[in-house]
K.L.:
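First the structure, then my questions, so here it is.
Index from 1, following the sequence. Being a predicted model, the structure only gives us computed values, none of them experimental.
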Amino acid sequence: ERNLYYALGSIKSVGFEAISNIVNERIKNGNFKSIKDFINRVNPKDINKLQLEGLVKAGAFDNLNNNRQSLYNAIPNLILKSKNIFENKIVNQVDLFDLNDSDNNNDNNLISEIKDWEFEERLSKEFEAIGFYISDHPINQYMEIFNEYKIINYKTFQNDDLKKQCNIAATILKIQERKTTKGNSYAII
């Protein structure tokens with residue numbers, strides 16, 4: 001199995017300094033075991049709303065909780081809890097609401113489980129955060145009909161001099177409708 005690694009600092013809205021502090025914490029004290037473990041160990045100055053949104057959309061927390069929509073919706077709670085934990089550490093207090101939590105790494109009281117984003121929306125948000133698709137590709141959901149329509153990949157087309165014409169499958173990312181100075185409509189795809 002081949003793994004693709006992508007720099008966390010390159011995710012949109014995630015700053016290099018903040019993510020360096022998070023990575024240093026992970027190197028120093030081990031992998032994060034849960035979302036709760038993450039917010040317990042990371043300084044709130046390194047995890048603002050935009051940064052967490054970028055990390056969730058990019059799938060950075062998938063090994064802790066792969067329901068990206070649940071995590072995304074929980075971001076305000078996570079930030080608030082992180083700030084409370086940090087403030088309590090400063091004044092050396094114990095959060096009374098955490099005393100009844102027998103499992104220190106239990107995320108249940110932080111994240112409400114809801115239906116995850118559908119395939120296309122999940123990938124669309126991933127694309128927003130990273131600038132390309134990393135976990136899958138929207139076109140993969142149509143693979144079973146490729147043979148029926150005699151669709152081949154571009155590499156095969158390019159390397160086969162006998163193929164002069166073929167069907168192309170593509171993902172449209174954006175359509176902009178415009179008008180010329182004469183008033184004629186056109187689109188940029």
Side-chain angles (χ1 to χ4, degrees), residues 2-90 95 98 104-141 170-178 188-189:
R2 293 178 356 191
N3 292 323
L4 177 61
Y5 295 96
Y6 187 74
L8 294 171
S10 298
I11 298 169
K12 288 175 187 159
S13 304
V14 178
F16 181 77
E17 185 183 344
I19 208 67
S20 295
N21 293 339
I22 293 170
V23 169
N24 287 338
E25 166 59 31
R26 187 184 65 195
I27 291 166
K28 184 178 170 187
N29 294 309
N31 289 345
F32 299 106
K33 296 175 185 70
S34 66
I35 299 299
K36 189 168 186 180
D37 184 39
F38 176 82
I39 64 166
N40 266 298
R41 291 168 48 192
V42 171
N43 191 318
K45 76 177 176 64
D46 294 326
I47 50 166
N48 67 33
K49 184 175 182 282
L50 280 175
Q51 289 165 327
L52 278 178
E53 284 177 356
L55 289 167
V56 169
K57 288 193 287 190
F61 295 107
D62 280 3
N63 64 327
L64 301 179
N65 184 330
N66 68 359
N67 186 328
R68 294 183 189 178
Q69 185 165 11
S70 285
L71 276 180
Y72 190 86
N73 289 4
I75 286 172
N77 293 343
L78 298 177
I79 289 170
L80 186 62
K81 184 69 176 169
S82 174
K83 286 179 180 169
N84 287 344
I85 290 166
F86 190 74
E87 286 166 8
N88 286 343
K89 281 179 185 173
I90 290 171
D95 187 345
D98 264 3
N104 190 42
N105 290 323
N106 190 338
D107 293 334
N108 292 341
N109 52 358
L110 289 171
I111 302 160
S112 301
E113 280 298 316
I114 58 170
K115 192 169 186 262
D116 199 1
W117 289 317
E118 296 292 338
F119 180 78
E120 284 186 356
E121 186 174 8
R122 184 178 170 97
L123 289 179
S124 171
K125 294 199 179 291
E126 187 176 285
F127 189 92
E128 281 173 26
I130 302 174
F132 59 92
Y133 303 108
I134 197 167
S135 66
D136 210 327
H137 195 282
I139 216 159
N140 287 343
Q141 64 190 317
T171 302
I172 296 173
L173 297 176
K174 187 174 170 185
I175 299 174
Q176 290 180 311
E177 293 183 38
R178 302 259 173 94
I188 299 170
I189 300 175

K.L.:
Passes side chain to side chain contact (heavy atoms under 4.5 Å, CB included), Y72 versus L55? Steps please.
P.N.:
CA-CA 9 Å; Y72 190 86; L55 289 167; over 6 Å; no
K.L.:
Identify the residue among L8, N24, D46 that makes a side chain to side chain contact (heavy atoms under 4.5 Å, CB included) with I19.
P.N.:
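Between I19 and the candidates, side chain to side chain contact (heavy atoms under 4.5 Å, CB included) is satisfied uniquely by L8.
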K.L.:
Please determine if R68 and E126 form a salt bridge, counting it only when a charged side-chain N lies under 4.0 Å from a carboxylate O.
P.N.:
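So R68 pairs with E126 through a salt bridge.
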K.L.:
Classify the angle between the aromatic ring planes of F127 and Y133 as parallel (below 30°), tilted (30 to 60°) or perpendicular (above 60°).
P.N.:
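Plane angle between 30° and 60°, so tilted.
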K.L.:
Check the pair I47, I22 against side chain to side chain contact (heavy atoms under 4.5 Å, CB included), reporting the backbone distance first and the verdict last.
P.N.:
CA-CA 9 Å; I47 50 166; I22 293 170; 3.8 Å; yes
K.L.:
CG/N84 to NZ/K89 distance, rounded to the nearest 0.5 angstrom?
P.N.:
12.0 Å
K.L.:
Please report the closest heavy-atom contact between Q51 and A18, naming both atoms and the distance.
P.N.:
NE2-CB, 3.3 Å
K.L.:
Can you tell me how far the CZ atom of F61 sits from the CG atom of L78, to the nearest 0.5 Å?
P.N.:
8.0 Å
K.L.:
Taking all heavy atoms of K57 and all of E128, pick out the closest pair and write down the distance.
P.N.:
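So the two residues come closest at NZ-OE1, 2.9 Å.
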K.L.:
For residues L123 and H137, report the shortest heavy-atom separation together with the two atoms involved.
P.N.:
CD1-C, 3.6 Å
K.L.:
Taking all heavy atoms of L64 and all of F32, pick out the closest pair and write down the distance.
P.N.:
CD2-O, 3.1 Å
K.L.:
State whether the number of non-hydrogen atoms from other residues, nucleotides or ligands found under 6.0 Å of F119 atom CZ is greater than 12.
P.N.:
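Yes, enclosed.
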K.L.:
With the threshold set at 4.0 Å, does a side-chain nitrogen-carboxylate oxygen contact exist between E87 and K83?
P.N.:
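No, E87 and K83 are not salt-bridged.
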K.L.:
Kindly compute the distance separating CG (N21) from CZ (F16), expressed to the nearest 0.5 Å.
P.N.:
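Reported value, rounded in 0.5 Å steps: 10.0 Å.
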K.L.:
Around E17, counting heavy atoms of other residues, nucleotides and ligands shown, do more than 12 lie under 6.0 Å from its CD?
P.N.:
no
K.L.:
Can you tell me how far apart CG (N73) and CG (N67) are? Round to the nearest 0.5 Å.
P.N.:
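Going from CG on N73 over to CG on N67, the span is 9.0 Å.
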K.L.:
Report the distance from atom OG of S82 to atom CG of N40, rounding to the nearest 0.5 Å.
P.N.:
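Nearest 0.5 Å value for the OG-CG distance: 8.5 Å.
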K.L.:
Quick one: do L80 and N77 satisfy side chain to side chain contact (heavy atoms under 4.5 Å, CB included)? Show the steps, please.
P.N.:
CA-CA 5 Å; L80 186 62; N77 293 343; 5.7 Å; no
K.L.:
So, are R122 and D62 salt-bridged, with charged N and O less than 4.0 Å apart?
P.N.:
yes
K.L.:
Give, for atom CD1 of I35 and atom CG of L71, the distance between the pair rounded to the nearest 0.5 Å.
P.N.:
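Taking CD1 in I35 and CG in L71, the distance rounds to 4.5 Å.
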K.L.:
Is there a side chain to side chain contact (heavy atoms under 4.5 Å, CB included) between I175 and I188? Walk through the geometry before answering.
P.N.:
CA-CA 6 Å; I175 299 174; I188 299 170; over 6 Å; no
K.L.:
Spell out, as yes or no, whether a donor-acceptor pair under 3.5 Å connects the side chain of S70 to the backbone of S112.
P.N.:
yes
K.L.:
Might you point out which heavy atoms bring A58 and A129 nearest each other, and give the distance in Å?
P.N.:
N-CB, 3.9 Å
K.L.:
So does Q69 get a backbone contact from the side chain of D116, meaning a donor-acceptor N/O pair under 3.5 Å?
P.N.:
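Yes, because the side chain of D116 sits within donor-acceptor range (under 3.5 Å) of the backbone of Q69.
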K.L.:
Can you confirm whether more than 12 heavy atoms, excluding those of K49, are under 6.0 Å from its NZ atom?
P.N.:
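Not buried by this count: 12 neighbours or fewer within 6.0 Å.
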